Amino acid sequence: MFGKLSLAAIPLDQPIPLVTGAVVLVVILAVLAWAVIASHLPYLWREWITSVDHKRIGVMYVLLASVMLLRGFADAIMMRAQQALAFQSNGFLPPEHYNQIFSAHGTIMIFFVAMPFVIGLMNLVVPLQLGVRDVAFPTLNSVGFWLTATGALLVNISLVVGEFARTGWLPYPPLSEMTYSPGVGVDYYTWSLEISGVGTLVAGINLVTTVLKIRTKGMSYMRMPIFCWTTLASNLLIISAFPILTATLAMLILDRYLGFHFFTNEGGGNVMMFMNLIWAWGHPEVYILVLPAFGVYSEVVSTFSGKPLFGYRSMVLATMAICVVSFTVWLHHFFTMGAGPDVNAIFGIASMIIAVPTGVKIYNWLFTMFGGRIRFTTPMMWSIGFMVTFIIGGLTGVLVAVPPADFLLHNSLFLVAHFHNVIIGGVLFGAFAGYTYWFPKAFGFRLHEGWGIAAFWFWLIGFYVAFFPLYAVGFLGMTRRMQHYDVAAWTPWLHIASAGAGLVLVGIICQVTQLVVSIRHREELRDLTGDPWDGRSLEWATASPPPAFNFAVMPDVTGGDAYWEMKRRARTESTKEVDYQPIEMPRNSPTGFVCAFFATVVGFALIWHIWWMVIVGLVGAYATFVVFAWRDHDEYEISAEEVARLDRANIAARRGLVTAAGGA
Amino acid sequence: MSMAAVADGHSARVISLEDAGHPGPAPKRIITGFGFWIFLLSDIVMFSCFFAAYAVLLGQTAGGPSGAELFNLRNVAIETAFLLLSSFACGMASIAAEVRNPLWFQVAMAVTCLLGLGFLVIEFREFADLIARGAGPSRSAFLSAFFALVGCHGLHVSAGILWLLTMMAQVFAKGFRADILRRFLCFALFWHALDIIWVAIFSVVYLLGSAA
């Protein structure tokens with residue numbers, strides 16, 4: 001009846017996951033109870049859960065990423081504490097639990113923090129920057145988000161029902177095969193990622209179509225803000241790389257469920273094929289994450305230097321070059337696995353070549369700042385912190401791209417330090433910069449500056465203190481993923497590293513405090529005009545938060561830095577009276593949420609081999625789509641009067657600002 | 001597509017990066033079709049992984065039968081004929097939708113469906129026969145790759161038939177509404193793409209496999 005599922009699946013003997021699970025459950029129930037008692041539930045359902053508005057979906061993506069960041073960081077701090085204590089002792093985490101923690105940490109941080117964070121920012125900002133009213137496929141957008149949430153939910157269910165993979169964040173066979181991992185851990189991993197992978201693919205298709213087919217009048221390719229270009233590149237990588245992940249995990253699933261021999265030791269299976277396939281996805285994935293972050297830095301640096309971006313064309317070229325070359329370097333993840341010197345040399349050289357366009361970008365940002373009037377706001381601080389940190393991470397990356405050096409450093413903590421150096425310093429700092437930069441656009445008030453700066457310094461210093469010792473222990477020969485060790489020389493470095501994790505924790509506390517303080521003082525931090533930073537691109541041309549339709553009249557773009565140009569012209573030219581038209585917008589739909597509910601049912605049932613439940617879930621998902629396809633009205637109209645009212649209010653607020661500035 | 005582009009009044013001019021006269025967002029039909037093309041490309045990337053795995057594992061028969069001993073080209077030729085004819089019927093359905101003729105649309109779709117089902121029946125019998133002869137997917141890595149690649153195509157065809165029946169019901173209940181026509185455009189693209197993938201399977205798996 002319930003497949004492999006029984007009461008024994010709940011780890012009653014392990015206090016850490018059990019207590020954590022209980023606390024999380026209490027928090028969820030408390031939030032739900034509050035929503036019900038304060039009767040927020042209908043509002044949440046109507047305006048958020050069923051929303052097909054790209055801005056709301058973007059916000060929900062970022063919210064999911066933030067919550068998952070807390071989960072992933074809890075794993076991180078446990079690992080640091082374990083290694084600090086585990087010199088000639090077992091520490092406080094038994095091996096099977098420790099192995100689950102490092103696997104879950106990597107999986108969550110990449111798939112459910114970094115991915116939703118950048119996809120959320122792209123969703124929120126790109127249609128606004130393109131001067132249009134929505135993305136290409138609004139309802140699919142909602143489906144994509146909720147499927148991502150399904151994946152995150154399944155990974156977190158594994159905390160209290162069953163177990164998670166003990167294989168590392170990429171389930172290398174033969175360890176991940178049924179023979180060596182008979183539990184449900186790997187199944188939680190594969191099904192979570194198959195489901196959220198569909199969500200990511202949907203988001204990728206949606207954003208590529210949006211950038212290529214839905215731009216406002218006059219917004220030719222070379223007038224798009226760089227963030228739109230990096231979005232295009234990143235999503236092109238999603239649609240060409242994520243299907244590889246889907247196929248690879250499908251093969252692993254077939255091996256585990258139906259006795260196929262893709263990656264097994266026996267029957268002629270080929271383990272190396274898994275390494276090649278998974279990294280053919282995995283390396284582009286690195287650029288899927290970091291390219292949007294590069295876009296954020298470009299917007300932030302240009303805005304807060306008060307200058308157009310230096311070398312726009314070279315930036316576009318560098319972005320697209322990275323997009324292509326990222327598919328030719330995957331083998332550097334396993335130089336040591338015996339491909340031979342010729343192959344290793346080619347991939348080593350390709351890996352060094354891909355550093356060139358990245359270098360071009362760094363110079364472009366530096367020259368943008370050169371001679372500018374720089375405002376050291378929180379997003380700008382994250383950007384400068386990124387430039388310093390990312391250069392160091394890039395250099396250690398070029399070091400491990402040299403095959404002979406890699407033979408010494410492979411699988412050591414040096415590597416762990418390197419990729420945290422680029423992912424935290426590159427992707428996460430970019431996500432935080434974008435979060436602070438676009439927060440007023442999403443919510444209509446700025447984030448508190450002081451707490452933001454404090455969070456930045458704790459994160460930056462915490463990062464260096466936590467990860468530079470890992471470079472050192474890597475050189476001292478410490479391999480990654482050790483539950484305990486016997487080398488006394490490593491201990492002091494690991495103590496320093498855990499202190500660094502403590503500093504990062506303070507940084508996170510500052511960020512939570514910043515959010516709470518900002519919400520409480522939102523009236524003082526209010527952004528009335530929609531242009532709090534003196535911005536240059538079109539998202540600042542509309543109110544904060546923007547109305548559902550984004551722009552009352554679709555902007556007509558005449559050059560790069562479209563909004564800067566408009567502001568310049570507005571000083572000299574008198575504004576014309578606008579002829580407002582009614583606007584049709586897509587109706588909200590619960591399709592995404594209901595579909596994800598059934599996806600969760602199907603995923604859970606597949607993990608536990610509950611076959612009748614799989615069928616129920618699949619029929620439910622199909623029925624959801626039929627119901628959606630059958631509806632007769634998929635749009636609603638906003639009247640011209642309403643459009644005019646909202647737009648005039650915003651124009652009045654902006655005029656007030658211009659008059660005040662002129663008087664001063 | 002380019003015909004449709006002209007018909008929709010969206011200029012089919014040569015795309016230039018410098019073009020200052022960008023006319024604004026494309027019409028819905030273009031957007032939907034374009035997005036679906038991108039989905040199809042990503043689907044083909046997924047198939048390419050299974051093709052690659054098949055190429056890598058082709059010789060790994062683990063002492064079991066090879067393709068030359070297993071494949072029955074006569075069956076495969078009939079399967080191919082069914083699938084290609086179903087694509088022709090799907091094309092007829094497109095024409096019927098173009099001229100808004102519900103009767104011919106339903107007839108052409110029903111023929112598409114029957115031919116697709118015929119294809120699936122033959123494939124299912126081939127699979128059942130192989131498993132009965134002890135040449136199932138767990139026999140060797142070669143057979144794993146074979147079953148996964150051909151089965152993945154078969155699953156696509158099955159999903160396509162479910163979609164096809166839904167489209168028939170929709171057109172029956174709602175008529176040729178603009179959004180339904182856009183969905184049908186996507187369905188037709190999907191059905192033809194399955195043909196392209198089948199041609200690759202036919203050549204790489206069956207023709208080359210029987211020769212070896």
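Every chain is numbered from 1 and lettered A, B, ... according to where its sequence line falls, protein lines coming before strand lines. Quick caveat: nothing in here was measured; it's all calculated off a predicted structure.
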- Tell me, with the steps shown, if A:Ile214 and B:Ile31 meet side-chain contact (heavy atoms from CB on, under 4.5 Å). CA-CA 8 Å; A:Ile214 311 187; B:Ile31 293 170; 3.6 Å; yes

- Message: With side-chain contact (heavy atoms from CB on, under 4.5 Å) as the criterion, how do A:Leu254 and B:Ser144 come out once you've worked through the C-alpha distance, each side chain's angles and the decisive distance to 0.1 Å?
- Response: CA-CA 9 Å; A:Leu254 288 170; B:Ser144 298; over 6 Å; no

- Query: Where do A:Leu277 and B:Cys49 land on the side-chain contact (heavy atoms from CB on, under 4.5 Å) test, with the steps shown first?
  - Reply: CA-CA 8 Å; A:Leu277 284 171; B:Cys49 294; 4.2 Å; yes

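Identified by a heavy-atom distance below 4.5 Å to chain B, the contributing residues of residues 619-626 of chain A are A:Tyr622, A:Val626, in residue-number order.
Each of A:Gly131, A:Gly269, A:Ala247 has some count of heavy-atom pairs under 4.5 Å with chain B, and the biggest count is that of A:Ala247. Options A:Gly259, A:Ala629, A:Ser240, A:Ala136 differ in how many heavy-atom pairs under 4.5 Å they form with chain B, and the most are formed by A:Ala629.
Contact annotation for B:Ala173: only side-chain heavy atoms (C-beta onward) come within less than 4.5 Å of a heavy atom of chain A. In this structure, the portions of B:Leu162 lying under 4.5 Å from any heavy atom of chain A include both its backbone and its side chain.
With a 6.0 Å radius and a threshold of 12 heavy atoms from other residues, nucleotides or ligands, B:Arg125 has its CZ atom at or below the threshold. Environment of CE in A:Met320: crowded, with over 12 heavy atoms of neighbouring residues, nucleotides or ligands closer than 6.0 Å.
For the pair A:Phe262 and B:Ala53, the tightest heavy-atom approach, listed with the atom from each and the gap, is CE2-CB, 3.9 Å.
Note: A:Asn235 CG to B:Ile38 CD1 = 9.5 Å, rounded to the nearest 0.5 Å. Here OG1 of A:Thr210 is found 10.5 Å from CZ of B:Phe34. Values are rounded to the nearest 0.5 Å.
Looking at A:Arg215 and B:His22, their side chains come closer than 4.5 Å, going by heavy atoms from C-beta outward. Side-chain atoms of A:Met554 and B:Pro25, non-hydrogen and from C-beta on, do get closer than 4.5 Å to each other. Counting heavy atoms from C-beta on, the side chains of A:Ile244 and B:Met46 never come closer than 4.5 Å. Within the 4.5 Å cutoff, no side-chain heavy atoms of A:His261 are placed close to those of B:Phe142.
Side-chain atoms of B:Lys174 come within 3.5 Å of backbone N or O of A:Trp630 as a donor-acceptor pair.
The pair B:Lys28-A:Glu584 does not meet the salt-bridge criterion, since no charged nitrogen lies less than 4.0 angstrom from a carboxylate oxygen.
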